[in-house]
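Quick note: numbers below take in every heavy atom, side chains included, and nothing from hydrogens, waters or symmetry partners.
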Amino acid sequence: MKASGSEAVKPAMVFVVDDEPVLLELATLILKSMGCEVRTFNDPAIALKEFALALPDLVITDYAMGRMNGMDLISECHRINPRQKLLMVSGTVGEHVFADALVRPDRFLTKPYQFNDFATCVRELLDAK
């Protein structure tokens, strides 16, 4: 976000939702190095409750997470905020999982993703606001 005059620049808030702690840590390291404020969740239901209160700039979600999958989370986030930027990452499914969906993520990355690919994708989504 750009600021005019003496206004402070507010860092982009990014929610990362994944049931794998190592991947939450990796995403946090990358996002913080980019100057983002990061909130991580290993349970999509908890992330969804917080989403309605925080309305982050970007939601990054895994697909396979148990009771609620990433497509369910994306649909609910989109219902609350139709302009929400959404990135799905997965090592278990491909883009076919949302090919016929009414609500789709803005971008998709296959896990394991490369640092530069992830950072570029995040930067492009945040810049597109």
*Below 4.5 Å, heavy atoms only, C-beta onward: do Val89 and Tyr113 meet side chain to side chain?*
yes
*Could you tell me whether the side chain of Gln84 and the main chain of Pro56 form a donor-acceptor pair under 3.5 Å?*
yes
*Okay, side chain of Asp106, backbone of Leu86: is any donor-acceptor separation there less than 3.5 Å?*
yes
*With the threshold set at 4.0 Å, does a side-chain nitrogen-carboxylate oxygen contact exist between Lys111 and Asp18?*
yes
*Which heavy-atom pair separates Phe108 from Leu87 by the least distance, and what is that distance?*
N-CD1, 4.0 Å
_With a 4.5 Å cut-off on side-chain heavy-atom distances among I, L, V, M, F, W and Y, is there a chain of contacts connecting Phe118 to Leu29?_
no
*May I ask you to decide whether Lys32 forms a salt bridge with Glu37, counting only side-chain N to carboxylate O separations under 4.0 Å?*
no
*Separation of Leu73 CG from Met88 CE (nearest 0.5 Å)*: 8.0 Å
*In Å, rounded to the nearest 0.5 Å, how long is the span from CG of Leu31 to CZ of Phe15?*
13.0 Å
*Among Lys49, Arg67, Met65, find the one that has a side-chain contact (heavy atoms from CB on, under 4.5 Å) with Asp43.*
Arg67
*Separation of His78 NE2 from Arg104 CZ (nearest 0.5 Å)*: 11.5 Å
*Are Val59 and Ile74 close enough that some pair of their side-chain heavy atoms sits under 4.5 Å apart?*
no
_Whether Asp57 side chain and Met13 backbone form a donor-acceptor pair below 3.5 Å_ = yes
*Calculate, to the nearest 0.5 Å, the distance between atoms OG1 and CE belonging to Thr120 and Met34 respectively.*
7.5 Å
_Using modelled atom types and a 3.5 Å cut-off, is there a donor and acceptor pairing between side-chain atoms of Ser33 and backbone atoms of Ile30?_
yes
